[in-house]
Amino acid sequence: GENVEQHPSTLSVQEGDSAVIKCTYSDSASNYFPWYKQELGKGPQLIIDIRSNVGEKKDQRIAVTLNKTAKHFSLHITETQPEDSAVYFCAASIGDDKIIFGKGTRLHILP
Amino acid sequence: EAQVTQNPRYLITVTGKKLTVTCSQNMNHEYMSWYRQDPGLGLRQIYYSMNVEVTDKGDVPEGYKVSRKEKRNFPLILESPSPNQTSLYFCASWGQGASRLFFGSGTQLSVL
């Protein structure tokens, strides 16, 4: 069946450095790729998304890149700050109305 | 304020005692879904609904029931809970097509 692979499962970076999380998807028809951030004790919240007609999208310190040929997309966080510590989920659309999630990456920002 | 409200936040119960977790959204969204989150397994979809009276199984539907009698509400029912249903549960809603999901704050369920 369709799936989304996410790596790494845990990532520790020094405050101020960059963090990169990578995902691959299996359904070549997927056309919507959101990223969610889950802080402790809360539900996931959308931080950025990209559609298949765009290769890159940026919002302040966060950027997402998409390579449709390779079925690969990535989240880049620059100048990391303590409040970036959280669990991040990538996701991909399946069909017209379904979303499947990767297994998540726990990001630790080290002081 | 746009939000998805689920209750309760925490629930401890015993094996076999029926329970319901409620979910309500105020955004007039067509789609609603339940997920469970377990360590190392991410978010797995239990059931979802495309509109009133229209529901479908997700990836892990065994042991769960849902209903969508009104557009805003999508309760999750465990008729006979078992310890392997101990998990963190999230309700989510979204509009037409593949778009942003809005999640509730979660329900931590422990089945003893």
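What you are looking at is a predicted structure, and each value in this text was computed from that prediction instead of being measured. All chains are named by letter (A, B, ...) in the order of the sequence lines, taking the proteins before the strands, and each is independently numbered beginning at 1.
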Worksheet item: In residues 46-75 of chain A, which residues are in contact with chain B at a heavy-atom separation under 4.5 Å?
Response: A:Leu46, A:Arg51
Discussion item. Grouping I, L, V, M, F, W and Y whenever their side-chain heavy atoms are under 4.5 Å apart, do B:Leu19 and B:Trp34 come out in a common cluster?
Written reply: yes
Worksheet item: Would a 4.5 Å heavy-atom cut-off, applied to side chains only, mark B:Ser105 and A:Lys42 as touching?
Response: no
Worksheet item: Which atoms of B:Gln37 come close to chain A, meaning under 4.5 Å heavy atom to heavy atom: side chain ones, backbone ones, both, or neither?
Response: side chain
Item to complete: Ignoring hydrogens and angles, tell me if any N or O in the side chain of A:Thr80 forms a donor-acceptor pair with the backbone of A:Ser18 under 3.5 Å.
Response: no
Discussion item. Using 0.5 Å steps for rounding, measure from the CG atom of B:Leu112 to the NZ atom of B:Lys17.
Written reply: 11.5 Å
Worksheet item: Donor-acceptor pair, A:Ser26 side chain versus A:Asn3 backbone, under 3.5 Å?
Response: yes
Fill in: Derivation of the side chain to side chain contact (heavy atoms under 4.5 Å, CB included) call for B:Met27 and B:Ser93
CA-CA 8 Å; B:Met27 294 164 280; B:Ser93 74; 3.4 Å; yes
Fill in: Side chains of B:Phe102 and B:Gln25 in contact at under 4.5 Å (non-hydrogen atoms)
no
Worksheet item: If you check every heavy atom in residues 101-111 of chain A against those of chain B, which residues fall under 4.5 Å?
Response: A:Phe101, A:Gly102, A:Lys103
Item to complete: Heavy-atom distances under 4.5 Å only: say whether A:Gln6 touches chain B with side chain, backbone, both or neither.
Response: neither
Practice prompt. Please step through side chain to side chain contact (heavy atoms under 4.5 Å, CB included) for the pair A:Ile100 and A:Glu2, ending with a clear verdict.
Written response: CA-CA 8 Å; A:Ile100 59 171; A:Glu2 301 90 353; 4.0 Å; yes
Practice prompt. Output the residues of residues 30-37 of chain A for which the shortest heavy-atom distance to chain B is under 4.5 Å, in residue-number order; output 'none' if no such residue exists.
Written response: A:Tyr32, A:Tyr36
Worksheet entry | Co-membership, hydrophobic cluster, residues B:Val21 and B:Phe103, 4.5 Å side-chain | no
Worksheet item: For B:Gly106, does its backbone N or O pair with a side-chain atom of B:Arg9 as donor and acceptor, under 3.5 Å?
Response: yes
Worksheet item: What's the spacing between B:Arg36 CZ and B:Arg44 CZ if we round to 0.5 Å?
Response: 5.0 Å
Worksheet item: Which members of residues 54-82 of chain B, sorted by number, sit under 4.5 angstrom from chain A on a heavy-atom basis?
Response: B:Asp59
Worksheet item: Do A:Phe89 and A:Gln38 touch side chain to side chain, with heavy atoms closer than 4.5 Å?
Response: yes
Worksheet item: Looking only at heavy atoms, which two atoms of B:Gln108 and B:Ser87 are closest? And how far apart?
Response: NE2-O, 3.3 Å
Worksheet entry | For chain A, the option from B:Leu101, B:Leu41, B:Val4, B:Leu88 that forms the most heavy-atom pairs under 4.5 Å | B:Leu101
Discussion item. Looking at chain B, which one of A:Gly43, A:Ala91, A:Gly95, A:Gly41 has the largest number of heavy-atom pairs inside 4.5 Å, strictly under?
Written reply: A:Gly43
Practice prompt. List the steps and the verdict of side chain to side chain contact (heavy atoms under 4.5 Å, CB included) for B:Ser33 and B:Tyr35.
Written response: CA-CA 7 Å; B:Ser33 182; B:Tyr35 296 87; 3.5 Å; yes
Discussion item. Evaluate B:Thr15 against B:Val111 for side chain to side chain contact (heavy atoms under 4.5 Å, CB included), listing each step before the verdict.
Written reply: CA-CA 6 Å; B:Thr15 299; B:Val111 183; 4.0 Å; yes
Item to complete: List the atom of A:Pro8, the atom of A:Leu11, and the distance in Å for their closest heavy-atom pair.
Response: CG-CB, 3.9 Å
Worksheet entry | Check: B:Gln6 side chain, B:Thr22 main-chain N or O, donor-acceptor pair, under 3.5 Å | no
Worksheet, complete the sentence: Here the pair of heavy atoms bringing A:Ile99 nearest to A:Ser93 is CD1-CA, 4.0 Å
Worksheet item: Top residue by heavy-atom pair count (under 4.5 Å) with chain A, among B:Cys91, B:Gly40, B:Gly42, B:Ala92?
Response: B:Gly42
Worksheet entry | Spacing of B:Asn7 atom CG and B:Ser24 atom OG [to the nearest 0.5 Å] | 9.5 Å
